[in-house]
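The chains referred to below are lettered A, B, ... by the order of the sequence lines, with proteins before strands, and numbering in each begins at 1. Remember, predicted model here, so these are calculated numbers, not experimental data.
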Amino acid sequence: MEKIAVQVDDLTVAYNYKPVLWDIDLFIPEGVLMAIVGPNGAGKSTLIKAILGIIDPIAGSVAIYGEPYDKQRKMVAYVPQKGSVDWDFPTTALDVVMMGTYGSLGWIKRPGAKEKKAALEALEKVGMLSFKNRQISQLSGGQQQRVFLARALVQNASIYFMDEPFQGVDATTEIAIINILKELRKAGKTVIVVHHDLQTVPEYFDWVTFLNVKKIATGPVKEIFNDDNLTKTYGINYKVAINK
Amino acid sequence: MSISEYFQLVVSDYTLRTITLGTAVLGAICGMLGSFAVLRKQSLLGDAISHAALPGIALAFLITGAKDTNILLLGALVSGLIGTFWIRGMITKTHLKTDTALGLILSLFFGFGMLLLTFIQKQPNANQAGLDKYLFGQAATLVEKDVWLMTTVTSICLVVLLLFWKEFKIMLFDADFTKTLGFNVRFIDILITFFIVLAIVLGLQTVGVVLMSAMLLAPAAAARQWTNSLSMMIFLAALFGAFSGVFGTAISASQNNLSTGPVIVLVAAVFVIISFVFSPGRGILFRQLRFRKNRRDLKLQKTLQFMHSIAVTHENIEHPHAIRILNNFQGFTRKTLQKLEEKDWITLSGQQWALTAKGFHKAENLFNQQNTDEHATD
């Protein structure tokens with residue numbers, strides 16, 4: 001049987017009194033490229049943040065390869081939403097990518113030649129090597145997203161969590177990013193992506209989770225990406241609605 | 001006394017030297033830590049903390065009955081920290097937004113502090129005079145012991161900064177990501193906030209409660225204009241802060257003992273104005289100049305584009321054409337033609353022009369951002 005990369009049990013998260021995630025059970029098998037889809041406010045980002053320990057859940061537990069997240073940090077990489085940081089921060093693209101190495105360095109120890117080399121390689125992989133010394137505010141939205149992706153690549157993890165990596169990027173960048181994600185899957189990594197564009201789900205992903213506060217369904221795209229689940233998640237018959 | 005006399009006196013006069021050194025060190029530590037406050041968008045936290053320190057000073061005096069600076073500042077530190085934790089608590093535990101919490105704590109603590117000050121003034125004790133100097137500060141009261149304290153705190157702060165440099169930087173940029181890497185974000189956060197409170201408390205004697213936040217923010221805001229590197233920004237902010245301290249004290253001492261705090265803050269404000277206007281990257285002046293230059297370049301490119309459209313119809317691209325042809329097109333003058341020639345894009349002879357190979361190539365690639373982006377390889 002295939003290994004379970006991420007296991008979520010009875011996860012419940014609430015802001016104030018309103019539940020954002022309700023009793024989520026989720027198994028993510030190793031080596032899938034999975035989309036999390038759902039309407040605005042469905043708790044997609046919150047699910048990732050709760051798994052990564054950024055938000056404390058009210059109840060429930062998370063296991064990464066059978067162990068709590070705290071013990072498995074180095075196996076996990078994270079790409080936050082691009083809008084979550086101030087891009088006018090005084091630093092360069094290379095410097096941001098280097099931050100991906102800070103986790104393995106631990107407290108106080110500074111990055112050295114080895115870390116710099118890894119960061120440069122990651123920048124090259126996302127096609128941003130020539131921008132390495134650029135101040136990050138002078139990058140376009142797509143370029144900023146690539147820098148974030150490079151920072152996660154440098155973490156050299158087994159599981160990648162990405163919060164809307166395709167948001168506000170042009171077609172070239174979208175293709176560049178999805179090719180990197182597919183490469184990661186080919187290398188046996190597990191990639192979990194919060195995704196908004198339902199059209200591209202069957203083309204990009206092999207696994208999908210429907211989420212709307214509760215988990216609606218999770219499984220292979222071929223089996224569960226259908227009108228029934230879309231209707232249950234979005235409350236309208238999605239395909240009928242756009243074909244009108 | 002003129003300012004030059006003042007600087008001569010600094011070398012020989014012990015008191016002046018102490019005061020100057022004190023304001024310089026204070027400016028440096030405030031600039032350094034102010035950079036963090038600015039980058040975390042917590043600029044107003046400093047204002048709230050300094051105002052929150054006032055009741056601590058009054059209470060410390062009421063309890064001990066002594067006007068020992070260290071004891072008063074200890075009181076300021078305690079009440080500043082209490083204010084800070086209340087602000088943080090309000091933000092996390094209630095629906096109130098940051099600005100509301102800051103405003104509430106600021107006015108509440110300051111009001112209480114003023115109340116205590118007036119209460120102390122009514123007391124029959126002759127010792128109470130001078131507590132109100134903490135409102136606007138008085139550098140003249142600095143003694144060697146105070147300067148030593150400031151220098152010690154600044155040194156400790158510098159060591160901590162160098163030690164946790166990487167952690168501070170990543171936390172300032174992306175706190176959520178930092179948390180996923182396993183760093184204790186809360187600890188880093190409290191460390192930074194603690195040092196900010198400490199710097200503010202140290203500055204109360206010199207700059208005073210009311211204006212202290214400007215000491216934190218002005219050097220940092222000015223420094224940000226000159227550099228895109230965090231380390232350089234912090235270094236420049238410390239430098240600007242130190243210079244503001246020295247010049248502020250010099251002006252205040254040489255002009256009839258003007259109140260030091262306000263003068264230092266005004267000098268810092270001059271740094272800010274100069275930086276906003278004259279810094280090469282982000283300053284208003286150079287931005288405007290670049291904008292004009294870009295507009296001129298675009299006009300040239302438009303003309304070149306038109307010339308290209310004529311030239312491509314000929315087999316030999318360097319075939320000369322009459323300048324009169326360009327009359328159909330509004331975007332040229334004699335000057336633009338000369339500019340184009342200077343750039344080696346065209347050649348002029350009499351009433352004729354011809355594209356050069358270089359100009360032709362430039363025109364072909366005018367809209368191809370991939371190749372003409374001059375910064376792509378820097």
Student: Counting only N and O atoms by type, is there a donor-acceptor contact under 3.5 Å from the side chain of B:Lys166 to the main-chain atoms of A:Lys109?
Tutor: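 Checked: pair present.
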Student: Looking at A:Lys117 and A:Glu121, is any side-chain nitrogen of the basic one under 4.0 Å from a carboxylate oxygen of the acidic one?
Tutor: yes
Student: What do you reckon, is CH2 of B:Trp165 surrounded by more than 12 foreign heavy atoms closer than 6.0 Å?
Tutor: yes
Student: Given side chain to side chain contact (heavy atoms under 4.5 Å, CB included), test A:Val6 with A:Leu26 step by step and report yes or no.
Tutor: CA-CA 8 Å; A:Val6 182; A:Leu26 192 61; over 6 Å; no
Student: For chain B, which residues from residues 61-82 of chain A lie under 4.5 Å away (heavy-atom distances)?
Tutor: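 Residues of residues 61-82 of chain A touching chain B at under 4.5 Å: A:Tyr69, A:Arg73, A:Tyr78, A:Pro80.
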Student: At under 4.5 Å between heavy atoms, what parts of residues 221-240 of chain B are in contact with chain A? List them by residue number.
Tutor: B:Arg224, B:Asn228, B:Ser229, B:Leu230, B:Met233
Student: Are more than 12 heavy atoms, taken from residues, nucleotides or ligands other than B:Phe243, located less than 6.0 Å from that residue's CZ atom?
Tutor: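 Atom CZ in B:Phe243 is not crowded, with 12 or fewer foreign heavy atoms closer than 6.0 Å.
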Student: Would you please go through residues 27-44 of chain B and name the residues with a non-hydrogen atom below 4.5 Å from one of chain A, in numerical order?
Tutor: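 Under the 4.5 Å heavy-atom cut-off, B:Leu39, B:Lys41 qualify.
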Student: Residues of residues 137-147 of chain A under 4.5 Å from chain B (heavy atom pairs)?
Tutor: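 The residues closer than 4.5 Å to chain B, in numerical order, are A:Gln138.
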Student: Does CH2 in A:Trp87 sit with more than 12 non-hydrogen atoms of other residues, nucleotides or ligands closer than 6.0 Å?
Tutor: yes
Student: For a quick test of reading the model, state the closest non-hydrogen atom pair linking A:Trp107 to B:Glu167 and the distance between them.
Tutor: CA-OE2, 3.2 Å
Student: Any donor and acceptor pair, going by atom type alone, linking the side chain of A:Lys49 with main-chain N or O of A:Ile55 inside 3.5 Å?
Tutor: no
Student: Any non-hydrogen side-chain atom of A:Phe205 less than 4.5 Å from a side-chain atom of A:Val191?
Tutor: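 A side-chain contact is absent here, since even the closest heavy-atom pair is not under 4.5 Å.
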Student: Is a side-chain N or O of B:Thr92 found less than 3.5 angstrom from the main chain of B:Gly89, in a donor-acceptor match?
Tutor: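 Checking the backbone N and O of B:Gly89 against the side chain of B:Thr92, a donor-acceptor pair under 3.5 Å is found.
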Student: Counting only heavy atoms not in B:His361 (residues, nucleotides, ligands), do more than 12 fall under 6.0 Å from its NE2?
Tutor: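 For B:His361, atom NE2 is not crowded (no more than 12 foreign heavy atoms under 6.0 Å).
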Student: Can you tell which part of A:Phe148 gets under 4.5 Å to a heavy atom of chain B, answering side chain, backbone, both or neither?
Tutor: side chain
Student: Would you mind checking which part of B:Phe164 comes under 4.5 Å of any heavy atom in chain A, side chain (CB onward), backbone (N, CA, C, O), both or neither?
Tutor: side chain
Student: Do any N or O atoms from the side chain of A:Asp25 and from the backbone of A:Asp10 form a donor-acceptor pair under 3.5 angstrom?
Tutor: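 Judged by distance alone, yes, a pair lies under 3.5 Å.
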